[in-house]
Trainee: 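Sharing a structure below in structure tokens format, with a few things to ask.
All values below come from the heavy atoms of this structure, side chains included, with hydrogens, waters and symmetry mates left out.
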Amino acid sequence: MNEHKNTILAIVLSIIVVIGWEYFFARPELQKQPQQQAQEQTQQAKSSGAQPGTPAAPAGNASAAAPNVPSGQAPTQTRAAVLAGLPHVDIDTPRLRGSIDLKGGRIDNLLLKHYRETTDPNSPPIVLLSPSGAPDAFYAEFGWVPASGSNEPVPGPDTVWRQEGSGALGVDRPVTLTYDNGHGLLFRRTISVDKHYMFKIQDGVQNKGASPVTLFPYALVSRHGTPPVLGYYILHEGLIGVMGDAGLQEETYKKIAEKKSESWDATNAWLGFTDKYWAAVLVPDTNARVKARFSASETGGQPTYQADYLAEAQTIAPGASGSTQTRLFAGAKKVSVVGINFPLGPGGYNQSLHLNHFDLLIDWGWFYFITKPMFLALDFFNNLVGNFGIAILIVTVLVKALFFPLANKSYASMAKMKAVQPQMAMIKERYPDDRTKQQQAMMELYRKEQINPVAGCLPIAIQIPVFFSLYKVLFITIEMRHAPFYGWIHDLSAADPTNIFTLGGLIPFDPAVVPVLGSFLHLGFWPAIMGVTMWVQMKLNPAPPDPAQQMIFNWMPVIFTFMLAHFPAGLVIYWAWNNTLSVIQQSAIMHRNGAKIQLWDNLKGTFVKPKPKAPLDSMRR
């Protein structure tokens, strides 16, 4: 019996450790973010920012010279002020709004039309890219690097390009920029964009001079200042790329700041920056051999991070032309757009452009074989019924059906245990002071009745992979962001905003101000509902014979209720619905096996202590 107790404790403690990590480590880290972000913004306001230009040289070799870093500095201005002072070409697509900076030919102003800062439809749109000199500068730059020792002038961050024709960049409306260096080289840049978030940049150079010229194509994405990150173990935020045969490479801002630089020689690569929901990554031609690099430096008193690559040299003879092509993904990491490498999943860019595991831009994690099908199932039913919350309820029913044979055996064993409760009580009374004989007699009873004493743990244990995969999907996929349910739930990926201690806001009181206990007094209605369903499910099971086990099972609903209070509402709704289905299923199986359903007696016993029975020996006298 002791090993059974240890099994139960191991399962329970495993669940508590998983959720405890989230509650006591990840959540405090999340709570630090607003303060850290405010400190970073204050620091950026005090520091000076670099002039628009290349903050660090793109990856090169002995035969290539890097673009010069601007020596001057300009005080950091507001984003609007910086944009107002730049010559630009507008970007206007169904999903994007922004501009191309004619000074440097950069894509450095990008807003996402379909995504807002909050669930309020009137809140500001998400700002992805910002120009150099503004707070949180984040931009993409493209160009050519001359060979080492060459004085051939090439376009740089201060070069002012000229637009051929007029009009904004849009779907099926490319723009062309030109620059004549005055020394026989004519540079031409054509930028186009599709209906989603992929830009295509075609750079060409025509040699009108009398001598051959050797140039190296490059591209970079640069980010000024350390952006606030959530700091969750299950989510990567920072620099990311698939470097050909070297595979997936991920570096946090902290790690790359320590390493300073890391490079790879690769073919069929992509690299850039990823946030939780957004990304800006370079996608060179799949056949191009590039020297890719992650780097960190300091520009204008603030950290600067960069992902860049340098392609192979092109020697352009007099009267000839050279060209190169690259792509820039800048937008939301929507699964149908990025692609998912899984049967029946949408191919997206990963398939249509034949990219190298571009689906890894979304952090599916080590257990992708669970999280990917979970997302595909939810997305399928959402497209069918039009609500991710309903999709969660449907998928929960399907999961219950999938595990029905295992759960059926578990509940049947629990029903048998319920039926032998009187015999177990007699054993305890027969050997009140001899625990060894108690356990031996109970083990004999279990063998005789073919009862598995740990069967009650299986319904909880089999929920763990489903719980984790649903949590991961709710947490990482942008499809779940601001996805509404019914009633007061307007975002399934966020915690229940209500609080039972204020009656949902009817009482003008902030429980968070309560000393010591304030952080524990945020408990929404859905977590409370989940706690009740879990408590009812526990009371439907036969009481464990060991007092220590009884204490654990009695407190588990309370612990889980407060821990899950800060989890995504979609996850809490799943757990409450799953508990409800389990109660129905277990009750039906117990009735079929002839076990008395003593739910109300068990609930009553929680509040009314039963009178102690006389020992068996005294009854016999």
Trainee: Does the gap between the ring centers of Trp364 and Phe342 come in under 6.0 Å?
Mentor: no
Trainee: Side chain to side chain contact (heavy atoms under 4.5 Å, CB included) between Lys472 and Ile234: does it pass, once the steps are laid out?
Mentor: CA-CA 8 Å; Lys472 181 85 171 178; Ile234 66 169; 3.9 Å; yes
Trainee: Look only at the side chain of Arg116 and the backbone of Ser123, and say whether a donor-acceptor pair between them is shorter than 3.5 Å.
Mentor: yes
Trainee: Closest heavy-atom contact between Asp359 and Gly339?
Mentor: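 Closest approach of Asp359 to Gly339, heavy atoms only: CB-O, 3.2 Å.
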Trainee: Are Met530 and Thr561 close enough that some pair of their side-chain heavy atoms sits under 4.5 Å apart?
Mentor: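 SC-SC contact between Met530 and Thr561 confirmed.
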Trainee: Judged by atom type as modelled, is there a donor-acceptor pair below 3.5 Å linking the side chain of Thr477 to the main-chain atoms of Leu474?
Mentor: no
Trainee: If I compare all heavy atoms of Leu564 with all of Pro527, which pair ends up nearest, and what's the gap?
Mentor: O-CG, 4.3 Å
Trainee: Check whether any side-chain N or O of Thr533 sits under 3.5 Å from a backbone N or O of Thr580 as a donor-acceptor pair, and report yes or no.
Mentor: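 Checked: no pair found.
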Trainee: When rounded to the nearest 0.5 angstrom, what distance separates OG in Ser493 from CD1 in Ile476?
Mentor: 12.0 Å
Trainee: Check step by step if side chain to side chain contact (heavy atoms under 4.5 Å, CB included) holds for Trp278 and Ile478.
Mentor: CA-CA 9 Å; Trp278 335 106; Ile478 194 169; 3.2 Å; yes
Trainee: Decide yes or no on side chain to side chain contact (heavy atoms under 4.5 Å, CB included) for Thr274 and Val281, but give the supporting numbers first.
Mentor: CA-CA 8 Å; Thr274 180; Val281 297; 5.9 Å; no
Trainee: Hey, does Trp526 have a side-chain heavy atom less than 4.5 Å from the side chain of Phe567?
Mentor: no
Trainee: Grab the two heavy atoms, one from Pro125 and one from Leu111, that are nearest each other, plus how far apart they are.
Mentor: CG-CD2, 3.6 Å
Trainee: Determine, stepwise, if the pair Leu581 / Trp577 fulfils side chain to side chain contact (heavy atoms under 4.5 Å, CB included).
Mentor: CA-CA 6 Å; Leu581 294 177; Trp577 175 235; 3.7 Å; yes
Trainee: Taking everything shown except Tyr368 itself, do over 12 heavy atoms lie less than 6.0 Å from its OH?
Mentor: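 No, not enclosed.
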Trainee: Under the side chain to side chain donor-acceptor pair (under 3.5 Å) rule, what do Tyr305 and Thr226 come out as? Steps first, then yes or no, please.
Mentor: CA-CA 8 Å; Tyr305 307 92; Thr226 304; 2.6 Å; yes
Trainee: So which heavy atom on Ala576 is nearest to which on Ile529, and how close?
Mentor: CB-CG2, 4.4 Å
Trainee: Would you check if the side chain of Glu237 reaches a backbone N or O of Leu230 as a donor-acceptor pair within less than 3.5 Å?
Mentor: yes
Trainee: State whether the side chain of Asn350 and the backbone N or O of Phe358 hold a donor-acceptor pair below 3.5 Å, judged by distance alone.
Mentor: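 Side chain of Asn350 to backbone of Phe358: a pair is present.
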Trainee: Does any part of the side chain of Asp379, heavy atoms only, come nearer than 4.5 Å to the side chain of Phe388, both counted from C-beta?
Mentor: yes
Trainee: If we only count heavy atoms from C-beta on, is the His114 to Ile126 side-chain gap below 4.5 Å?
Mentor: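 Not in contact.
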Trainee: So do Met480 and Leu492 actually touch side chain to side chain, heavy atoms under 4.5 Å?
Mentor: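 No. Closest side-chain heavy atoms not under 4.5 Å.
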Trainee: Identify the heavy atoms of Pro557 and Gly531 that sit nearest to each other, and give their distance.
Mentor: CB-O, 4.0 Å
Trainee: Can you find a heavy atom in the side chain of Tyr253 that is under 4.5 Å from one in the side chain of Leu239?
Mentor: yes
Trainee: Within this structure, what is the CE-CD1 distance for the pair Met534 and Ile559, rounded to the nearest 0.5 Å?
Mentor: 9.0 Å
Trainee: Quick check for you: to the nearest 0.5 Å, what is the distance between Leu96 atom CG and Leu128 atom CG?
Mentor: 8.5 Å
Trainee: Take atom CZ in Phe501; do more than 12 heavy atoms of anything else shown fall under 6.0 Å from it?
Mentor: yes
Trainee: Rounded to the nearest 0.5 Å, how far does CD1 of Ile500 lie from OG1 of Thr498?
Mentor: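 Going from OG1 on Thr498 over to CD1 on Ile500, the span is 8.5 Å.
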Trainee: My understanding is that only one of Phe468, Tyr232, Tyr233 makes a ring-ring contact (aromatic ring centres under 6.0 Å, His included) with Phe475; could you say which?
Mentor: Tyr232
Trainee: For side chain to side chain donor-acceptor pair (under 3.5 Å), just list the numbers for Asp496 and Trp488, CA-CA rounded to whole Å, side-chain angles, deciding distance to a tenth of an Å, and then say yes or no.
Mentor: CA-CA 8 Å; Asp496 187 329; Trp488 60 91; 3.0 Å; yes
Trainee: Is there a side-chain contact between Lys276 and Leu235 (heavy atoms, below 4.5 Å)?
Mentor: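 Heavy-atom side-chain distance check passes, below 4.5 Å.
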Trainee: Phe273 and Phe138: ring pair (Phe, Tyr, Trp, His ring centres under 6.0 Å), yes or no, with the steps?
Mentor: CA-CA 10 Å; Phe273 293 85; Phe138 192 16; 5.7 Å; yes
Trainee: Using modelled atom types and a 3.5 Å cut-off, is there a donor and acceptor pairing between side-chain atoms of Asn387 and backbone atoms of Ile390?
Mentor: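 Indeed, once roles are kept as given, a pair shorter than 3.5 Å links the two residues.
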Trainee: Are His482 and His490 close enough, and set up right, to give a ring pair (Phe, Tyr, Trp, His ring centres under 6.0 Å), and what steps lead you there?
Mentor: CA-CA 6 Å; His482 296 172; His490 303 294; over 10 Å; no
Trainee: Looking at Lys113, I want to see if its NZ is surrounded by more than 12 non-hydrogen atoms of other residues, nucleotides or ligands under 6.0 Å.
Mentor: yes
Trainee: Out of curiosity, Thr396 OG1 to Ile573 CD1, how far, rounded to the nearest 0.5 Å?
Mentor: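 It is 10.0 Å, given to the nearest 0.5 Å.
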Trainee: Given side chain to side chain donor-acceptor pair (under 3.5 Å), test Lys400 with Ser582 step by step and report yes or no.
Mentor: CA-CA 8 Å; Lys400 294 293 288 186; Ser582 297; 2.6 Å; yes
Trainee: Nearest 0.5 angstrom please: Phe375 CZ to Thr371 OG1, how far?
Mentor: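 Taking CZ in Phe375 and OG1 in Thr371, the distance rounds to 10.5 Å.
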Trainee: Does the pair Asp363/Lys333 count as a salt bridge with the N-to-O cut at 4.0 Å?
Mentor: no
Trainee: Mark yes or no for whether Glu250, through its side chain, and Gly241, through its backbone, hold a donor-acceptor pair below 3.5 Å.
Mentor: no
Trainee: Hey, are the side chains of His357 and Asn341 touching, using non-hydrogen atoms and a 4.5 Å cut-off?
Mentor: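 His357 reaches Asn341 side chain to side chain.
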Trainee: Apply side chain to side chain donor-acceptor pair (under 3.5 Å) to residues Thr118 and Asp120 and explain how you reach the verdict.
Mentor: CA-CA 5 Å; Thr118 69; Asp120 183 354; 5.2 Å; no
Trainee: So which heavy atom on Glu479 is nearest to which on Lys334, and how close?
Mentor: OE2-CG, 3.2 Å
Trainee: Give me the ring orientation class for Tyr197 and Phe329: parallel if the planes are under 30° apart, tilted from 30 to 60°, perpendicular past 60°.
Mentor: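 The arrangement is perpendicular - the two ring planes meet at more than 60°.
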